[in-house]
Amino acid sequence: MAQTSPVLSLRVKVPGEDSPRTFSLDQDTRFSDIFRTLIEEGCFSLPSGEKPVWVLFCGGQDLVTWDSSRNIFFDRFPFGEPAIAGVPSWMAQEVQFTSYPDGLARAEFLYRTFRGSRFFMGHEGFLPEYKSYHVPASLESRWAEH
């Protein structure tokens, strides 16, 4: 008798929608796959002249960032993004998104969160993203003063 795989699903709170959607997953689906699907569906507003940075959270964990101006993704996984089904705690959580007006606003958030420590940014998987924003030292100095 052939065994069937259980049907997997995840609740996703899509920006601009009141109720969460339920996404069906297979054993290989990753958060970046869900992100790309929603981007293709036009779920992330990109007002003219604005270059938002969108962040995917699962259970309060900041896991994947999409920089819309450069159409690049960053994740926090040093050995590659795992499949969602491979982390049971994720299956019970809701996925949500937040945005920043641009890359420098996101960089400032990361800088302040880690108090400017590149060591801790690196340890937590945020350093490649932070470095990609090319923050001038003079701006970091201003952030450090406040």
*Asks:* To the nearest 0.5 Å, what is the distance between NZ (K51) and CG (D102)?
*Replies:* 9.0 Å
*Asks:* Donor-acceptor pair, distance only, cut-off 3.5 Å: does the side chain of E81 make one with the backbone of F31?
*Replies:*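 Yes, because the side chain of E81 sits within donor-acceptor range (under 3.5 Å) of the backbone of F31.
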*Asks:* Let me check something: any side-chain donor-acceptor pairs from residues 88-100 under 3.5 Å, sequence neighbours excluded? List them with distances.
*Replies:*
| unit_1 | atom_1 | unit_2 | atom_2 | d |
| --- | --- | --- | --- | --- |
| W90 | NE1 | Q61 | OE1 | 3.0 |
| E94 | OE2 | Q96 | NE2 | 3.1 |

*Asks:* Ring-plane angle category for W143 and Y111, please: parallel below 30°, perpendicular beyond 60°, tilted otherwise.
*Replies:* tilted
*Asks:* Rounded to the nearest 0.5 Å, what separates atom CZ in F77 from atom CZ in R30?
*Replies:* 10.0 Å
*Asks:* List the atom of G60, the atom of F57, and the distance in Å for their closest heavy-atom pair.
*Replies:* O-CD2, 3.8 Å
*Asks:* Side-chain atoms of residues 7-17: list all donor-acceptor pairs with protein atoms under 3.5 Å, sequence neighbours left out, distances to 0.1 Å.
*Replies:*
| unit_1 | atom_1 | unit_2 | atom_2 | d |
| --- | --- | --- | --- | --- |
| K13 | NZ | E17 | O | 2.0 |
| E17 | OE1 | R21 | NE | 3.1 |
| E17 | OE2 | R21 | NE | 3.4 |
| E17 | OE2 | R21 | NH2 | 2.7 |

*Asks:* Once rounded to the nearest 0.5 Å, what's the spacing between atom CD1 of I34 and atom CG of L25?
*Replies:* 5.5 Å
*Asks:* Are L104 and W54 joined in one hydrophobic group, where the rule is that I, L, V, M, F, W and Y side chains link up if heavy atoms are under 4.5 Å apart?
*Replies:* no
*Asks:* Which heavy-atom pair separates T65 from D62 by the least distance, and what is that distance?
*Replies:*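 Where T65 meets D62 most closely, the heavy atoms are OG1-OD1, 4.2 Å.
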*Asks:* Tell me whether V87 is reachable from V64 by hopping between hydrophobic residues (I, L, V, M, F, W, Y) whose side-chain heavy atoms are closer than 4.5 Å.
*Replies:* yes
*Asks:* Tell me, do V55 and R106 make a side-chain contact under 4.5 Å, heavy atoms counted?
*Replies:* yes
*Asks:* Please examine the side chains of R115 and F120, heavy atoms only from C-beta on, and report whether any two atoms are closer than 4.5 Å.
*Replies:* no
*Asks:* Let's go through E129 and R76 carefully: what are the C-alpha distance in whole Å and the side-chain angles of both, what is the deciding distance for side chain to side chain contact (heavy atoms under 4.5 Å, CB included) to 0.1 Å, and is it a yes or a no?
*Replies:* CA-CA 9 Å; E129 177 186 357; R76 316 296 166 243; 3.3 Å; yes
*Asks:* If every non-hydrogen atom of Y133 is compared with every non-hydrogen atom of V53, which pair is closest and at what distance?
*Replies:* OH-CG1, 3.6 Å
*Asks:* May I ask whether I39 and F74 are part of the same hydrophobic cluster, defined by side-chain heavy atoms of I, L, V, M, F, W, Y residues being less than 4.5 angstrom apart, directly or through others?
*Replies:* no
*Asks:* Could you see if F73 belongs to whatever hydrophobic cluster contains L110? Use Ile, Leu, Val, Met, Phe, Trp, Tyr and a side-chain cutoff under 4.5 Å.
*Replies:* no
*Asks:* Quick check for you: to the nearest 0.5 Å, what is the distance between H146 atom NE2 and E108 atom CD?
*Replies:*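 If we round to the nearest 0.5 Å, H146:NE2 and E108:CD are 9.5 Å apart.
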*Asks:* Which heavy atom of D26 sits nearest to which heavy atom of A85, and what is that distance?
*Replies:* O-CB, 4.5 Å
*Asks:* As an exercise, state the distance from CZ of F23 to OG1 of T37, rounded to the nearest 0.5 Å.
*Replies:*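 Rounded to the nearest 0.5 Å, the CZ-OG1 separation comes to 6.5 Å.
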*Asks:* About how many Å separate CZ of F126 and OG of S132, when rounded to the nearest 0.5 Å?
*Replies:*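 Output value for this atom pair is 12.5 Å.
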*Asks:* With clusters defined by side-chain heavy atoms of hydrophobic residues (ILVMFWY) lying less than 4.5 Å apart, directly or transitively, does L139 cluster with F109?
*Replies:*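 Yes, because F109 and L139 connect within a single hydrophobic cluster, where side-chain heavy atoms sit under 4.5 Å apart.
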*Asks:* Between W66 and N71, is any side-chain donor less than 3.5 angstrom from a side-chain acceptor?
*Replies:* yes
